[in-house]
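What follows is a short report on a single structure.
We number each residue from 1, following the sequence as shown.
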Amino acid sequence: MPRIFISYSRKDIGFVRKLAGDLEKAGYDVWWDLTDLRGGDDWPRAIPAAIEASQSFIIVLSPNSAVSDWVEKEYTHALYSRKKIIPIMLQQCSVPFALNTINYVNFTSEDYAGNFNNLLTALGYIGERPVVE
C-alpha cells in the first residue's frame, strides 16, 4: 500500500481530514500529524522519518500554509529526499518559490469529486475510483 505524507496548516484541518479519509478509502496509507503522531513521539525526528518513508508528498496550499515555517521545513525535506510532490491549491495563494515549477491540482472549485479524481490521476492511481462527496 503506497504511503502518502500530507503537509498542511492546522487551520485547514477540516479539508485535510476529508482528504486523508478519501485517500485511505482509495487504498493509500496516509501519514498526517493528527493521526500519526503519538504522545511521547519526538516529532522533529518523526516527521522527517515519515516523509522519507512515503512514496508521495502532498502539500495543501493556502494562505495559511504559505506562512507556516513547519510546512516549509516539510516540503524542503521532501525536495531534498526527492519525493514525488503534488501540491494541492486549496485557496488561492502564492506558490512557494521552491515548488513553483510543479503543477498543482486545483481544489479551489466546488467540484471536490472531480478534483479528487484529478489528484488520484496525479498519484498514478489505477483501479476503481472510490465514491467521494
Check your understanding: Do the non-hydrogen side-chain atoms of Ile58 and Leu119 ever get within less than 4.5 Å of each other?
Key -> yes

Review point. Taking the side chain as C-beta and beyond, is there a heavy-atom pair between Gln91 and Pro63 under 4.5 Å?
Key: yes

Exercise for review: Quick one: pull up CE in Met89 and OG in Ser62 and give me the separation to the nearest 0.5 Å.
Suggested key: 9.5 Å

Validation: residues 100-110 side-chain donor-acceptor distances under 3.5 Å, sequence neighbours left out:
| residue | atom | partner | partner atom | Å |
| --- | --- | --- | --- | --- |
| Asn106 | OD1 | Thr108 | N | 2.8 |
| Asn106 | OD1 | Thr108 | OG1 | 2.5 |
| Asn106 | ND2 | Thr108 | OG1 | 3.4 |
| Ser109 | OG | Asp111 | N | 3.3 |
| Ser109 | OG | Asn115 | ND2 | 3.3 |

Point to revise | Interatomic spacing from CD1 in Ile86 to CD1 in Ile6 - rounded to 0.5 Å | key: 10.5 Å

Review point. Is there a side-chain contact between His77 and Phe57 (heavy atoms, below 4.5 Å)?
Key: no

Point to revise | Test item: Leu120 and Tyr28 side chains (from C-beta on) under 4.5 Å apart, heavy atoms | key: yes

Point to revise | Minimum heavy-atom distance Val71-Ser9, with the two atoms named | key: CG2-N, 4.2 Å

Point to revise | Cationic tip of Lys18 above Tyr112 ring, under 6.0 Å, 45° of axis | key: yes

Practice item. Specify the closest pair of heavy atoms between Lys84 and Ala122, including all atoms of both residues, with the distance to one decimal. Key: NZ-O, 2.8 Å

Review point. Got a sec, which pairs hit side chain to side chain donor-acceptor pair (under 3.5 Å) with one end in residues 116-125, sequence neighbours left out?
Key: Thr121-Arg129

Review point. Taking all non-hydrogen atoms of both residues, which atom of Arg3 and which atom of Ala50 are closest, and how far apart?
Key: CD-O, 4.4 Å

**Study point:** Test item: Phe116 and Ile88 side chains (from C-beta on) under 4.5 Å apart, heavy atoms
**Key:** no

Review point. Which atoms form the tightest heavy-atom contact between Ala66 and Ser94, and what is the distance?
Key: CB-O, 4.3 Å

Review point. In terms of hydrophobic clusters joined by side-chain contacts under 4.5 Å, are Tyr8 and Val67 together?
Key: no

Practice item. Check the surroundings of atom NZ in Lys11: do more than 12 heavy atoms from other residues, nucleotides or ligands lie under 6.0 Å from it? Key: no

Revision key, fill the gap. In terms of heavy-atom contacts, Ser7 and Glu74 come closest through OG-OE1, 2.5 Å

**Study point:** Heavy-atom pair with the smallest gap, counting every atom of Lys83 and Gln55
**Key:** CD-O, 4.4 Å

Check your understanding: Quick one: which of Ile59, Leu61, Ile51 gives a side-chain contact (heavy atoms from CB on, under 4.5 Å) with Tyr75?
Key -> Ile59

Exercise for review: Under the side-chain hydrogen bond (donor to acceptor under 3.5 Å, both in side chains) rule, collect the residues that match up with Tyr80, sequence neighbours excluded.
Suggested key: none

